[in-house]
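Structure, as structure tokens:
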Amino acid sequence: MLNSNETILERLNPAQRDAVTTTRGPLLVLAGPGSGKTRVITHRIAYLLGPGGVPASAILAVTFTKKAAHEMVERLQTLVLGQSRHLLIGTFHSICSRILRQDGEAIGVARTFTIADEDDQERIVRRVIKDLNWDEKRNPPGAFLSRISAAKSHLIGPDEFRRAADSYADELAAVVYQHYQEELGKADLLDFDDLIMRTVHLFQERSDVLAKYQERYQHILVDEFQDTNLTQYALIRLLGQRYRNVCVVGDEDQSVYSWRQADIRNILNFENDFPDARVVVLEQNYRSTQTILWTAREIITPNRQRKDKRLFTENDRGERIFVFEGYDENEEAQYVATQIERLLASGTVHYRDVAVMYRTNSQSRVLEKTFLRHRLPHKVVGMRFYERKEIRDLLAYLRLCYNPNDLTSLERIINVPARDIGAKSIADLQLWAARAGRTVPEAIRALALDEELGVPCPLSKRARTNVAEFGRLLMTLQAASHELVVGRLIEKIASLTGYQEFLRDGSQEGESRWENVRELMTVADEFSAYDAPTSLASFLEDVALAADADEYDSSADAVTLITLHAAKGLEFDVVFIVGLEEGLCPHNRSIESNDLSQLEEERRLLYVGVTRARRRLFLTYASRRTQFGTVMPRQPSRFFKDVPRELVFGTARAVQAPGRRHGWTDPGPAGPVTSRSSLPRPLASSSEALRAKPAGTPTRFKPGDRVEHPKFGEGVIVSVEPRGEDAEVTVAFPDLPIKRLLASYANLRLL
DNA sequence: AAAGCGTTTATTTTT
DNA sequence: TAAACGCTTT
């Protein structure tokens, strides 16, 4: 019944149905925002399992974020019941990590490898530069790391990189790349890019291993295909080339990760590599109002690097777009908070239905400050839990339990909490290990067990005692890691190492840091509850591959503060996009690059933000903003020129300037978008507030009127108070406390 | 080894 | 602005 044809194909439009039922051969689905992309993917899997007769174990679905993977699993559970358990749905990184854990030894990847995160990468490059005796100031690690990452994303190893180096900068990078890989190797570490690149190497070098996975995963689906880099695409191509049942879903207009080497050209290459690919375009939007969709269309149309799509919707026209100019970022935040309060007062919106989006994380600060003052419940996505010092310290101990060779983790915690092992002791330790032909962890172990290494130990007596004690501590913890579930292991580490005492120094901050550690234990306990209880390896992997957007939790009733990047894939009734200024969106880095494709990416970013909104969209900017402690005048974003003025409500400067003439002329049905009285009045900016003349809009309501509210039901108007152009109505609903509502927001219907 | 102090520097976006 | 760094002193 559940898997029957009718159930799965019910309520799919023809294009969606096409994408779901084309199960044989390559398929490219170009899916505009809100076009039911996830629905297509999940229904396609259900269709494969049911009418297609494909066993769950033969299906591989790849996503970019864990959250997307989770959502897919969840939606599938109701669709196909128990079968979803045998599907492999995961991120590129988690899937590759799994493959390497299983078969990586064939190309020399240690079975107990751990994953190096950004912080580790930076430490390693720092160490390399230091060992090379290069000037640490003139050689910032970030620049090298991005070159290395770019190389790996193009499947270029250190040797090939050196051969291709045609600039001094590249030659330096080649040297760093070489050493960096050696350091990773010594510590049994793989960085994010290695996970993918090494898997491709494995498949290239071992046809038997490749054949095994090709046979296993006869049906492959890739979500957010526009975000794949060359290496990721190579992986998919290798896996899929035998059975050719490869379905990729993407939208080049939502490609915002080119800086991470994502390459839209993969979409074009797909059609070259699989010339028989069927192409399905999903153009009907089910998410947004016409007004929002039209605005989005106008914003994206100027881009040259795109296929023209004809997005349309059968939804209502909806409210006009609100544009607001703030005096500065404080007033801008103030406006956002006030508008949210108004929306809440209407009773038709919950906090969780509202998101505030911005270009850079640093913009969240002023919003948070303002929201705290307004007591608006909110959650900042991207306050990265796993980047907090105390968490990373504890994780370093955990990683050392699993992979004793993890030098980066060792370096991190050898003197945290302080045990008098300073830079000198560490240098001596390295020297000693090098002379004896051993690794640093081995040298520590030797000290702990009072063993000789055959060469004199340069450490002072005191240092030797300290290191030996530390070594024994580590060995105790390593032994414990085989006995305890992860949560209890963390507890043991915190107490045995003295980390708990070290954190809880009596300060408020110390307590809150300790709270974070407790939170980590909870995460671990939750993890153990559904995974193998003692699996330290999979916990570490889970944590290492956790991303910001994964934190987004729709269950809590709070306003979401989120970057435009992290907002991709989400949707909200009400969206505020703030800081729409030259220099911020588009960002200075893109303006200065002189690279038009970078500006196109900025445009896509705004497009992504706009298309997150279901019902209402607010676009704001400030006329001055404090950056690096100094106030700078700001200009509204150039993208405002493409926001159709007839769709805008507001008096902000940005939309009064003559707009670009755009091709869209459809005035829609005669009459205003919505009756004026039902439009909320946007706050005027302070300068305009002085000039603004209240229009004195009369309200439609009078005391005694019977009205209907979408949420509270039928009620009777008690009183009506003018509020500028608006009116505050007091309404009595049976069995409910008396409500005071703003006429413009409340959506009351006269009975 | 660690704490204190003055100076500087930086903010895209993140699997 | 505020985190990070390098220099000094204890």
Side-chain angles (χ1 to χ4, degrees), chain A residues 62-69 90-97 115-119 121-122 126 136-137 140 142 145-146 149 152-153 190-197 223-224 227-229 231-232 255-262 329 357-366 369 381-382 384 386-387 389 414-427 460 462-463 466 541-551 562-569 579 583-593 598-599 601-602 604-606 608-609 625-632:
Chain A
V62 192
T63 63
F64 272 82
T65 63
K66 261 189 350 188
K67 189 191 165 272
T91 64
F92 270 102
H93 294 88
S94 70
I95 287 165
C96 288
S97 173
I115 297 167
D117 59 33
E118 222 173 303
D119 192 70
Q121 293 179 290
E122 205 178 302
R126 279 228 159 81
E136 288 173 74
K137 263 194 130 161
L145 279 168
S146 62
S149 173
K152 290 182 178 178
S153 304
L190 294 180
D191 68 19
F192 288 126
D193 299 309
D194 283 336
L195 291 174
I196 321 280
M197 183 175 75
D223 191 14
E224 305 280 11
D227 289 338
T228 50
N229 64 36
T231 304
Q232 288 162 333
S255 162
V256 290
Y257 286 113
S258 73
W259 50 275
R260 221 172 55 197
Q261 315 302 322
E329 71 273 20
M357 301 178 186
Y358 36 82
R359 178 66 228 270
T360 65
N361 273 310
S362 59
Q363 291 169 259
S364 68
R365 182 172 287 159
V366 61
K369 194 182 74 186
V381 177
R384 296 192 241 182
Y386 293 111
E387 277 181 20
K389 255 194 219 95
I414 191 166
N415 203 29
V416 182
R419 32 180 91 86
D420 283 356
I421 305 174
K424 178 76 167 70
S425 308
I426 293 168
S460 71
R462 210 173 77 91
N466 290 336
E541 183 170 301
D542 206 61
V543 166
L545 301 178
D548 277 1
D550 304 342
E551 292 174 40
I562 193 168
T563 64
L564 288 165
H565 279 91
K568 189 149 71 88
L584 217 42
C585 187
H587 196 275
N588 265 333
R589 281 273 215 285
S590 300
I591 296 173
E592 287 160 8
S593 78
Q598 290 227 39
L599 277 172
E601 180 143 323
E602 298 281 331
R604 291 196 290 270
L605 203 46
L606 178 58
V608 165
R625 181 175 296 271
T626 307
Q627 278 184 317
F628 310 136
T630 38
V631 183
M632 297 292 282

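So that the names make sense, note that chain A is the first sequence line, chain B the second, and so on, each numbered from 1.
- Residues that satisfy the side chain to side chain contact (heavy atoms under 4.5 Å, CB included) test with A:T360, not counting sequence neighbours, are A:S362, A:Q363, A:L584, A:H587.
- With B:dT15, B:dT13, B:dT11 as the candidates, the nucleotide lying closest to the side chain of A:H93 is B:dT15.
- Although no hydrogens or angles enter the test, the distance criterion places no donor-acceptor pair under 3.5 Å between the side chain of A:S255 and the main chain of A:A262.
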remark   = Readout for nucleotides 1-10 of chain C: B = base within 4.0 Å of protein heavy atom, S = sugar-phosphate only, - = neither; 5' to 3' it is BS--S-----

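- Residue contacts for A:T563: at a heavy-atom cut-off of 4.0 Å it reaches the sugar-phosphate backbone alone, with no base atom in range.
- Judged as a ring-ring contact (aromatic ring centres under 6.0 Å, His included), and not counting sequence neighbours, A:Y358 has no contacts.
- Between B:dT11 and A:N361, no contact under 4.0 Å exists linking OP1 or OP2 to a side-chain N or O.
- Rounded to an integer number of Å, the gap from A:D191 CG to B:dT14 C1' is 14 Å.
- For the pair A:E592 CD and B:dA10 C1', the interatomic distance rounds to 14 Å; values are reported in whole Å.
- With sequence neighbours excluded, the residues forming a ring-ring contact (aromatic ring centres under 6.0 Å, His included) with A:H565 are A:Y257, A:W259, listed by chain and number.
- With centroids closer than 5.5 Å and planes inclined by less than 30 degrees as the test, A:Y257 and the base of B:dT14 fail to qualify as a stacked pair.
- Checked against salt bridge (Lys or Arg N to Asp or Glu O under 4.0 Å), A:K424 has the following partners two or more places apart in sequence or in another chain: A:D428.
- Heavy atoms of A:F192 sit under 4.0 angstrom from at least one base atom.
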Extract from the structure each pairing of a protein N or O with an N or O of nucleotides 1-8 of chain B at less than 3.5 Å, listing the distance.
residue	atom	partner	partner atom	Å
B:dA1	OP1	A:G422	N	2.9
B:dA2	OP2	A:N415	ND2	3.3

